[in-house]
K.L.:
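Below is one structure. I have some questions about it.
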Amino acid sequence: MNCRECVDHLYEFLDREVTPDLERDIRQHLEECPPCGEQFDFETIYLKFLRARCRTQGAPAELKRRVMRELFGE
Amino acid sequence: MTSNATPAPTPTPVDEKRASFEREALVHLDALYRVALRLTANPSDADDLVQETMLKAFRAWDQYEKGTNAKGWLITILRHAFINEYRRRTRHPENVDLDTIEPFAVFGEIQDDDPQGAFFDKIVDDEVLKAIDQLPETFRETLVLSDVEGMSYQEIAKILEIPVGTVKSRLFRARQALQGKLYEYAVSNGYIKGTPA
């Protein structure tokens, strides 16, 4: 596997959406190629950051009441 | 329980429908709201869209196979309602050349000074959400389902009615495009030195 192929599968790998064979090939490439390893580490941090920032927001309490009222008349 | 206590009423089909709807559908209200807000970019429209989705879902509840993927089913209803009724008056589907986004510009810029991406820590929730709202709609909906709602490629493909391969390529470019925006934002706010792309 070369760097280009490795980077093409970057997010699939981080999302655990690759086949076991592909995962093994990527891991092997990352061990042998520090620049790709650094890039994967950076993207891992980025995805963690993204999730931490975007998952906190919830529906307003008034909307919850409105839905309950509309559905069940209360 | 004493012998003169009122016997518990037998659950009616209406009670059971309500109970299963609360258990499987209403628990996803927060997720639906987050998706609605990113699609409409307007809290009042998001409220209406979620409300409408819940009404439609309740009416169609008999068609939902209990215990399967309620969240995906609800988001599909929400997205169809958005496309049919809201998109026309809120946002217009953009004509963006999705191929023009240059991948990995950011890592190339920061790999010497900040390879650990410390600049991300300085960017707060609202700034990230604002940057997501600036993405083209096809990118935005894919990224929201994946990174905000944590859905698998297969689930996203089903909701968006596109092949898994298309989910992969859209997600790849959506994340890169967002990263580019966040980097530019960080540079212009002095969180990191560099030149905006």
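Proteins get letters first, then strands, A, B, ... in listed order; numbering begins at 1 in each.
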K.L.:
With a 4.5 Å cut-off on heavy-atom pairs, point out which of B:Leu29, B:Leu26, B:Asp126 contacts chain A the most.
P.N.:
B:Leu29
K.L.:
Given heavy-atom pairs under 4.5 angstrom as the criterion, report whether the side chain, backbone, both or neither of B:Val128 touches chain A.
P.N.:
side chain
K.L.:
Distance-only, no hydrogens or angles: does the B:Arg175 side chain make a donor-acceptor pair with backbone N or O of A:Glu43 under 3.5 Å?
P.N.:
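Checked: no pair found.
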K.L.:
Evaluate B:Arg38 against A:Gln57 for side chain to side chain contact (heavy atoms under 4.5 Å, CB included), listing each step before the verdict.
P.N.:
CA-CA 11 Å; B:Arg38 299 277 78 76; A:Gln57 193 169 34; 3.6 Å; yes
K.L.:
What part of B:Ser169 lies closer than 4.5 angstrom to a heavy atom of chain A: side chain, backbone, both or neither?
P.N.:
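Interface part for B:Ser169: neither.
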K.L.:
Checking side chain to side chain contact (heavy atoms under 4.5 Å, CB included) for the pair A:Phe49/B:Ile123: CA distance, chi angles, key distance, verdict?
P.N.:
CA-CA 9 Å; A:Phe49 149 83; B:Ile123 307 176; 4.1 Å; yes
K.L.:
With only heavy atoms counted, which part of B:Val14 is less than 4.5 Å from chain A, the side chain, the backbone, both or neither?
P.N.:
neither
K.L.:
Are B:Tyr153 and A:Tyr11 close enough that their ring centers fall under 6.0 Å?
P.N.:
no
K.L.:
Is any side-chain heavy atom of B:Asp147 closer than 4.5 Å to a side-chain heavy atom of A:Cys54?
P.N.:
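No, side chains not in contact.
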K.L.:
Relative to chain B, which of A:Glu38, A:His9, A:Arg51 shows the most heavy atom pairs under 4.5 Å?
P.N.:
A:Arg51
K.L.:
Give a yes or no on this: more than 12 heavy atoms of other residues, nucleotides or ligands lie within 6.0 Å of atom NZ of B:Lys17.
P.N.:
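Yes, because the 6.0 Å sphere around NZ of B:Lys17 holds more than 12 heavy atoms from other groups.
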K.L.:
Check whether B:Glu22 gets within reach of chain A through its side chain, its backbone, both or neither, counting any heavy atom under 4.5 Å.
P.N.:
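Contact with chain A is through the side chain of B:Glu22 alone.
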K.L.:
Below 4.5 Å from any heavy atom of chain A, which atoms of B:Leu129 appear? Answer side chain, backbone, both or neither.
P.N.:
side chain
K.L.:
Are the side chain of B:Arg34 and the backbone N or O of A:Thr56 linked by a donor-acceptor pair below 3.5 Å?
P.N.:
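No, B:Arg34 side chain to A:Thr56 backbone: no donor-acceptor pair under 3.5 Å.
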K.L.:
What option among A:Met68, A:Glu70, A:Arg16, A:Glu62 has the most heavy-atom pairs under 4.5 Å with chain B?
P.N.:
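Highest number of pairs under 4.5 Å: A:Glu70.
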K.L.:
When you check the gap from the basic side-chain N to the acidic O, do B:Asp30 and A:Lys64 get nearer than 4.0 Å?
P.N.:
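A salt bridge links B:Asp30 with A:Lys64.
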K.L.:
I'd like to check B:Phe120 versus A:Phe42 (side-chain heavy atoms, cut-off strictly below 4.5 Å). Are they in contact?
P.N.:
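Yes - at least one pair of side-chain heavy atoms lies under 4.5 Å apart.
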